[in-house]
Amino acid sequence: MTDLGVLNEHESMQLLTAHGVRAPRRWLIGPDDPASIPSDEAAGITAFVLKISSTEVVHKSDIGGVVLGVAPEKLAVAINELRALIAERSITADGVLVVEMVDGDAEIIIGGYDDPAFGPCVMVGAGGVLTEVLGDVSFGVCPITRSDAEAMVRSLRIAPLLDGVRGRPALDSGGVVDALLSIGGADGLLVTRPDVVEIDINPLKVSVSGAVAVDAMVRLHAEDDNEEQPRMGLSAVDLDRILHPTAVAVVGASGSGGAPGNVFLSNIREQGFSGRVFPVHPKLESIDGLPTVKSLADLPVPVDYAFVAVAAPRVPGIIESGSGKVGVAQVMSSGFRETEDGQDLERELVATARRVGTRIIGPNCLGVYSPAGGLSFVSRSPKESGAVALISQSGGIGADVVHRGAAAGVRFSAAVTIGNGADLGAADFLEAFLAHGETKVIGMYVEDGGQGRRMFDVMQKGPHKPVVILRGGRTGAGQATAAGHTGSMAGAGHAWDAFARQTGAIMVDSLSEFVDVLHVLDLAIARRSTDVPESEAILLGNGGGVSVLGADSVEAAGLQMHRFTGAALEAIAALDVPPGMAVNNPIDMPAGAFEVRDGQVMEEVFDAVSHAADQAIFIPHMNLPVIRDNLVDPDLAVDRFVRSCGRIAAESGSALPPLLVLRSDGSAESDAFRREVTQRAATFSIPVFREISEAARAGRLVRNWLLSRQVAEGSADV
């Protein structure tokens, strides 16, 4: 995009007021104009603010270029003094701006910018000199609704100032919301004027009677003529070809083995692919016991899916040779847009594929895992299908999630690595999996966010399924071309935070949390319960210090410790527990308590807790090395503990199952024991975590999503 530069304050304010932003009266006094303003236009004004009108000087007050509180009779003198300052410093200026001076009890900044992932975004925050000092800002992806704008204002740390504090009257927060909508609403400046690339209103002075913009900057750009070709989306037919191919072709296998194509053949054979397979090789008669064809043009029948792993310059020609015979081609080859010289080659690949009617996954990707279709890009992947779909820009991350998920008990409907996403990108697969009947939960790992705007639009339309996003490259500075506060503060993932708030997506911070939340969501949705627990937790397990730290973790995760009442309190009070056992929340069970009365005490504690297990997030935990080293029959104790968790999972009406924490000391023996107990828990559809902190955070994220979906559907109140 071509930068057309920054409008001066007078021009900026004219543009803003035309879109409904309130502003004080103002006059631009040019270099040759009389040093006065028409008296009839200034009627009733008792004081003015004077400013140098120049785009050269960002912070005019730093050089004395702003004069406050000028009385009408001293206006001419003040204008001429600023003219002298302009001349003295050789500033290129349009003249002197004379503005009606207005009061306000709070200063707000409102801005907008063109985000590289999401396009137009709007911002609100603490304004004036506090903008950079506090960094108290909230962003929204345009267009925002009135409820979006209200939520943005409420999220600010300075929001209580607008509500009125220490006996002061409430300020006009509605005026702030109106100004936000004038910038970022459906009819706002950022939405209706695509040439606007950045806006700063700082400050917007807010009083009991209104919100008025007293300073502003607008920067424009021209649209580039070289726009990317529009995306075609992913049809249900093409998704079915990807997930359930009846015939595949393999380009890039060798007779000696070890090539990517040979690995692909080995993986689909291990996965149980039952369709026809055609290795492609110009010279060999067979590969891995399968007869070859010379080229894609020589395929005896059309194939749904082609695996391509050859040198990048050869790929467009290979795709063209398959004209009319290849539905979808997964290009593993690298050397395209991810390299300095590969952008033109990637454009050629996409153009060729569109010309011959083939869709492209990749390039630079590992491919697809479809348990039901017999495809896999990783070995040792489960053959059982599930309800979780994974979309990963990284092949390595995709493989990690499949393997970690498998170990935890997650089963996938599909996992797709998209690499460069030259043709089929993250938003295309997101839209397809939202409509895919077998998929109930979607996980996404994204890096460049190139399809962020389409992802936003797709999720706004629905249908609504939980979408968990792990984003790579979250840190970074603001836009290098930023002219004002808004653009410089736009980095560090603010737009992604807005995306999550407006769409309901769940943002996570680590790979472990990503897998944990996908697993809990999968189990929670399968429970089909509408009873969302309170934002509270119950801890039950062995280890006094662990219980104390666990309670701290619960608070740090944004939950509170549940207080037992009613039947639960009565049942707990009636327990005959051994000395040293605490039955308040957290409930601390010394290792020996697991064997008291042949484990009956432990089961009685679970029975008592079950009265409250559907009201709060239940987090049972075990220090496995302590259990293993101190009990006569540790296997029996662990089995009773897990079965008690399973009984609560089956009998509780909560939308969340128990979140079981199994702690290990890292030794080979403890880790092996932990894996065995994890498998037992999986038979009861119970997710397992390593630490209480992980369980508490995953529980809060899933609980909040379940509640937000009920609120959105009108079946619950916040």
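Just so it is clear, the model here is predicted, and its values are computed rather than measured.
- When atom types are taken as modelled, the side chain of Thr358 and the backbone of Val326 share a donor-acceptor pair closer than 3.5 angstrom.
- Side chain to side chain, Ser376 and Asn267 fail the donor-acceptor criterion of an N or O pair below 3.5 Å.
- Put simply, the side chain of Lys465 never gets that close to the backbone of Lys440: no donor and acceptor are under 3.5 Å apart.
- Checked by atom type and distance alone, the side chain of Arg663 never pairs as donor or acceptor with a backbone atom of Asn623 at under 3.5 Å.
- Residues Ala524 and Leu706 come closest through the heavy atom pair CB-CD1, 4.3 Å.
- Considering every non-hydrogen atom in both Lys325 and Asp298, the closest pair reads NZ-C, 4.2 Å.
- Side-chain polar atoms of Ser235 and Arg359 form no donor-acceptor pair below 3.5 angstrom.
- A 6.0 Å sphere centred on CZ of Arg355 holds more than 12 heavy atoms belonging to other residues, nucleotides or ligands.
- At a cut-off of 3.5 Å, with distance as the only test, a side-chain donor of Ser413 or Thr439 sits close to an acceptor on the other residue.
- Lys461 NZ to Thr503 OG1: the interatomic distance, rounded to the nearest 0.5 Å, is 14.0 Å.
- Checking Ile319, Val350, Leu424, Val308 one by one against Ile360, the side-chain contact (heavy atoms from CB on, under 4.5 Å) holds for a single residue, Ile319.
- Asp304 is not listed as a side-chain neighbour of Ile242, based on a closest heavy-atom distance of 4.5 Å or more.
- Between Ala249 and Leu299, the closest heavy-atom pair is CB-CD2, 4.2 Å.
- Remark: the backbone N or O of Ser379 is not paired with any side-chain donor or acceptor of Gln271 at under 3.5 angstrom.
- The number of heavy atoms from other shown groups lying within 6.0 Å of CZ (Arg643) does not exceed 12.
- Shortest non-hydrogen contact noted between Gly252 and Ala259 is O-CB, 3.4 Å.
- Between Ile525 and Pro466, the shortest heavy-atom distance links the atoms CD1-CG, 3.4 Å.
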Does the pair Asp635 and Arg680 meet the rule for a salt bridge (charged side-chain N to carboxylate O under 4.0 Å, His left out), with working shown? CA-CA 11 Å; Asp635 284 329; Arg680 296 187 208 178; 3.7 Å; yes
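- Under the 4.5 Å side-chain criterion, counting only non-hydrogen atoms from C-beta, Arg269 is in contact with Asp288.
- Judged by distance alone, the side chain of Ser333 and the main-chain N or O of Val310 form a donor-acceptor pair under 3.5 Å.
- Residues Phe641 and Phe606 bring their aromatic ring centres within 6.0 Å.
- A 4.5 Å side-chain heavy-atom check between Val446 and Trp496 finds at least one atom pair inside the cut-off.
- Two rings, from Phe499 and Phe118, have their centers less than 6.0 Å apart.
- In this structure, the side chain of Glu338 engages the main chain of Gly335 through a donor-acceptor pair within 3.5 Å.
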Please test Arg380 against Glu270 for salt bridge (charged side-chain N to carboxylate O under 4.0 Å, His left out), starting from the C-alpha separation and ending with a verdict. CA-CA 8 Å; Arg380 299 176 289 104; Glu270 177 187 291; over 6 Å; no
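- At least one side-chain heavy atom of Met459 sits under 4.5 Å from a side-chain heavy atom of Val467.
- Within the 4.5 Å cutoff, no side-chain heavy atoms of Ser392 are placed close to those of Met444.
- In this structure, Glu447 contributes its side chain and Gly472 its backbone to no donor-acceptor pair below 3.5 Å.
- Although no hydrogens or angles enter the test, the distance criterion places no donor-acceptor pair under 3.5 Å between the side chain of Thr417 and the main chain of Gly395.
- For the pair Gln393 (side chain) and Tyr445 (backbone), a donor-acceptor distance under 3.5 Å is absent.
- Phe689 places none of its side-chain heavy atoms less than 4.5 Å from the side chain of Ser512.
- Rounding to the nearest 0.5 angstrom, the gap separating the CE atom in Met622 from the CZ atom in Arg674 is 12.5 Å.
- For the pair Glu694 and Arg690, the salt-bridge criterion is not met [side-chain N within less than 4.0 Å of a carboxylate O].
- Taken to the nearest 0.5 Å, the CG atom of Asp531 stands 8.0 Å off from the OG atom of Ser652.
- A donor-acceptor pair is defined here as one N or O able to donate and one able to accept, closer than 3.5 Å; no such pair exists between the side chain of Tyr305 and the backbone of His244.
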Given side chain to side chain contact (heavy atoms under 4.5 Å, CB included), test Leu511 with Arg404 step by step and report yes or no. CA-CA 9 Å; Leu511 192 58; Arg404 289 194 188 198; 3.9 Å; yes
Kindly determine whether Ile287 and His281 satisfy side chain to side chain contact (heavy atoms under 4.5 Å, CB included), including the steps that lead there. CA-CA 9 Å; Ile287 293 177; His281 199 284; 4.0 Å; yes
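- Salt bridge Arg628/Glu669: absent, no basic N to carboxylate O contact under 4.0 Å.
- In this structure, a donor-acceptor pair under 3.5 Å is present between the side chains of Asp665 and Ser670.
- Ion pairing between Arg527 and Asp522 fails under the 4.0 Å rule for side-chain N and carboxylate O.
- For Thr530 against Gln710, the heavy-atom pair with the smallest separation is O-NE2, 2.6 Å.
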Kindly indicate, with the supporting measurements, whether the criterion side chain to side chain contact (heavy atoms under 4.5 Å, CB included) is fulfilled by Phe412 and Leu390. CA-CA 8 Å; Phe412 294 88; Leu390 171 68; 4.3 Å; yes
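- Between Val468 and Ile442 there is no side-chain heavy-atom pair separated by less than 4.5 Å.
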Please lay out, stage by stage, how Val250 and Phe278 fare under the test side chain to side chain contact (heavy atoms under 4.5 Å, CB included). CA-CA 6 Å; Val250 184; Phe278 301 99; over 6 Å; no
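- A salt bridge does not link Arg501 to Asp497: none of the charged side-chain nitrogens sits closer than 4.0 Å to a carboxylate oxygen.
- With 3.5 Å as the limit, one finds a donor-acceptor pair spanning the side chains of Asp671 and Ser664.
- Between Pro687 and Asp516 the shortest side-chain heavy-atom distance does not fall below 4.5 Å.
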